[in-house]
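Side chains included, hydrogens not; waters and symmetry mates left out as well; all remaining heavy atoms used.
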Amino acid sequence: MKQFITETMSFASGILSHISEGMVHSVYRKTINLQMGSSLVALQAAGSPLSPVSLITGLDVGEMSGLPVVPGDQVFVDKKTIILFSKSSRIIFRFDEASIYDSLLRDYAVPLPLPAIKESLLQSSSGGLTELFSKALQKNPSDFAKGVFLAVAQKRMEDARKEVLDICYDKAAVTLAGMTGLGMGLTPSGDDFLCGVLAGLLFSGQWDHPFAQALRQTISRRLGDTNDISRTFLSCALSCHFSRPVKELPLASGTTEILSSFGAIGHSSGFDTLCGIYYGYTLCLSQEDVPGK
């Protein structure tokens with residue numbers, strides 16, 4: 001059974017170039033996660049949004065979910081193909097002709113469409129952290145657990161912002177990194193938010209700011225506090241690798257485009273990430289604290 005990978009990003013492509021053996025980590029309706037060394041890459045159905053670990057196939061959702069693959073199946077990679085060995089068949093994915101998009105986000109200040117971003121967060125119906133942008137929803141959370149989650153997240157965001165203003169950067173980093181693993185789902189909202197914060201710091205040209213350095217170090221120490229899938233995306237963000245919607249955010253034409261591109265990422269993951277980008281970009285860090293500036 002031979003299939004084709006049509007699109008990927010440079011982070012995933014780099015993993016395939018230097019790791020030749022792995023195994024199936026987990027299987028979902030649209031995605032087959034492969035454990036390759038310490039990283040995950042994801043075989044995904046056609047039309048899925050491009051994350052740094054995506055390997056977009058030509059298969060639709062029905063075809064993808066019908067593949068006879070289970071966790072633990074062996075995986076081998078050569079220069080052109082990924083081979084999955086299931087009990088009933090050998091499934092080959094060719095990737096040598098796939099389009100490769102750059103997942104690396106560079107560290108220099110870039111203007112973001114902040115009004116459109118904020119309006120997108122207000123209009124989003126995804127739930128998650130976007131509810132903090134609506135006072136009505138904040139006062140009347142849909143369930144008790146969500147109310148507790150939002151209260152904890154909001155306090156950490158507010159406390160960290162105050163600590164940054166007080167130049168208590170290490171304390172602020174610990175406060176904000178406490179959101180690691182916070183929330184439900186394959187990628188908890190707190191983790192998606194932190195990925196966004198890291199992107200926001202890059203977009204604002206503050207990657208080398210003492211707070212940004214402290215935050216990266218603290219998140220790195222807390223990677224064990226979340227699950228394998230979410231840990232993969234946090235590790236990507238710590239290495240400055242992000243999804244295509246995040247990378248193309250500065251070019252967004254307005255609210256409609258942002259709602260479409262970030263709404264395609266998981267149930268609430270895209271907008272939780274967007275919340276983090278808005279937060280990180282608007283932290284008002286002092287340029288005087290950045291080495292060499």
Side-chain angles (χ1 to χ4, degrees), residues 3-59 61 64 67 69 71 73 75-77 81-84 91 93-96 98-105 180-181 185-189 191-196 198-199 202 219-220 223-224 226-249 261-262 264-270 272-273 276-277:
Q3 309 294 340
F4 292 88
I5 292 168
T6 59
E7 296 178 305
T8 186
M9 296 196 82
S10 56
F11 184 85
S13 179
I15 291 173
L16 297 182
S17 70
H18 69 269
I19 298 179
S20 59
E21 296 184 21
M23 69 174 195
V24 174
H25 173 277
S26 48
V27 180
Y28 300 95
R29 191 168 67 94
K30 298 180 181 181
T31 304
I32 299 171
N33 291 308
L34 309 180
Q35 183 79 54
M36 305 300 295
S38 60
S39 299
L40 294 180
V41 293
L43 291 165
Q44 294 178 279
S48 299
L50 267 172
S51 81
V53 297
S54 290
L55 302 167
I56 306 298
T57 71
L59 301 174
V61 175
M64 195 77 185
L67 293 177
V69 177
D73 285 347
V75 178
F76 292 93
V77 179
T81 59
I82 300 170
I83 307 172
L84 279 59
I91 307 168
F93 288 90
R94 285 195 58 169
F95 60 83
D96 54 315
S99 298
I100 301 174
Y101 297 89
D102 186 12
S103 56
L104 183 65
L105 188 59
T180 307
L186 289 176
T187 56
S189 291
D191 296 340
D192 295 325
F193 173 81
L194 289 172
C195 286
L198 294 172
L202 281 165
I219 292 174
S220 294
L223 287 174
T226 192
N227 63 59
D228 292 346
I229 296 172
S230 203
R231 182 162 51 249
T232 292
F233 289 114
L234 279 170
S235 297
C236 286
L238 289 167
S239 301
C240 305
H241 288 271
F242 295 89
S243 68
R244 194 174 177 189
V246 170
K247 283 211 63 185
E248 295 180 351
L249 181 59
S261 61
F262 282 83
I265 305 173
H267 176 65
S268 68
S269 290
D272 289 333
T273 301
I277 292 173

(message) For the CD1 atom of Ile219 and the CG atom of Leu238, what is their distance to the nearest 0.5 Å?
(response) 5.5 Å
(request) Would you check if Val27 and Val69 make a side-chain contact, meaning some heavy-atom pair closer than 4.5 Å? (result) yes
(request) Provide the closest heavy-atom pair for Ile82 versus Leu84 in the form atom of the first, atom of the second, distance. (result) CG2-CD1, 3.6 Å
(message) Between Thr187 and Asp191, is there a side-chain donor-acceptor contact under 3.5 Å, judged purely by atom types and distance?
(response) no
(request) List in chain and number order the residues that pass ring pair (Phe, Tyr, Trp, His ring centres under 6.0 Å) with Phe233, two or more places apart in sequence or in another chain; answer none if no residue qualifies. (result) none
(message) Tell me every residue that passes side-chain hydrogen bond (donor to acceptor under 3.5 Å, both in side chains) with Thr273, counting only those two or more places apart in sequence or in another chain.
(response) none
(request) Evaluate the criterion side chain to side chain contact (heavy atoms under 4.5 Å, CB included) for residue pair Asp192 and Ile265; output intermediate values, then yes/no. (result) CA-CA 11 Å; Asp192 295 325; Ile265 305 173; over 6 Å; no
(request) Scan Thr81, Leu34, Val77, Thr8 and name whichever one has a side chain to side chain contact (heavy atoms under 4.5 Å, CB included) with Leu16. (result) Val77
(message) If you compare all heavy atoms of Pro49 against all heavy atoms of Ile56, which two are closest, and at what distance to 0.1 Å?
(response) O-CD1, 4.3 Å
(message) Please identify which of these residues, Leu67, Thr6, Leu43, Ile32, meets the side chain to side chain contact (heavy atoms under 4.5 Å, CB included) condition with Thr57.
(response) Leu43
(message) What I want to check is whether the side chains of Ser243 and Ser51 have a donor and an acceptor closer together than 3.5 Å.
(response) no
(request) Output the distance between atom CZ (Phe93) and atom CD (Gln3), rounded to the nearest 0.5 Å. (result) 5.5 Å
(request) First locate atom CG of Asp96, then atom CZ of Phe4, and finally report the distance between them rounded to the nearest 0.5 Å. (result) 8.0 Å
(message) Could you measure the distance from the CG atom of Leu50 to the CG atom of Leu55? Nearest 0.5 Å is fine.
(response) 9.5 Å
(message) Once side-chain hydrogen bond (donor to acceptor under 3.5 Å, both in side chains) is applied, what residue pairs with a partner in residues 35-50 remain, sequence neighbours excluded?
(response) Gln44-Ser54
(request) Grab the two heavy atoms, one from Ser103 and one from Met9, that are nearest each other, plus how far apart they are. (result) CA-CE, 3.6 Å
(message) Run the side-chain hydrogen bond (donor to acceptor under 3.5 Å, both in side chains) test against Ser235 and tell me which residues pass, sequence neighbours left out.
(response) none
(request) State the CD1-CE distance between Ile15 and Met36, to the nearest 0.5 angstrom. (result) 8.5 Å
(message) Can you list everything that forms a ring pair (Phe, Tyr, Trp, His ring centres under 6.0 Å) with Phe193? Sequence neighbours excluded, please.
(response) Tyr279
(request) Measure the shortest side-chain to side-chain distance between Ser230 and Leu186 over non-hydrogen atoms and say whether it is less than 4.5 angstrom. (result) no
(request) Report the residues that fulfil ring pair (Phe, Tyr, Trp, His ring centres under 6.0 Å) with Phe76, sequence neighbours left out, ordered by chain and then residue number. (result) Phe85
(message) Just to verify, what does Ala237 make a side-chain contact (heavy atoms from CB on, under 4.5 Å) with, not counting sequence neighbours?
(response) Cys195, Leu198, Phe242
(request) With sequence neighbours excluded, give me every salt bridge (charged side-chain N to carboxylate O under 4.0 Å, His left out) pair touching residues 15-24. (result) none
(message) Once salt bridge (charged side-chain N to carboxylate O under 4.0 Å, His left out) is applied, what residue pairs with a partner in residues 227-240 remain, sequence neighbours excluded?
(response) Asp228-Arg231
(request) Using side-chain hydrogen bond (donor to acceptor under 3.5 Å, both in side chains) as the criterion, list what pairs up with Ser13, not counting sequence neighbours. (result) none
(request) Specify the closest pair of heavy atoms between Ser10 and Leu104, including all atoms of both residues, with the distance to one decimal. (result) OG-N, 4.2 Å
(message) Using 0.5 Å steps for rounding, measure from the OG1 atom of Thr31 to the NE2 atom of His25.
(response) 12.5 Å
(message) Between Val24 and Val75, is there a side-chain heavy-atom distance shorter than 4.5 Å?
(response) yes
(message) My understanding is that only residues two or more places apart in sequence, or in another chain, count here; which of them pass side-chain hydrogen bond (donor to acceptor under 3.5 Å, both in side chains) with Asn33?
(response) Ser26
(request) Any salt bridge (charged side-chain N to carboxylate O under 4.0 Å, His left out) involving residues 240-249? Give me the pairs, sequence neighbours left out, ordered by first then second residue. (result) Asp102-Lys247, Arg244-Glu248
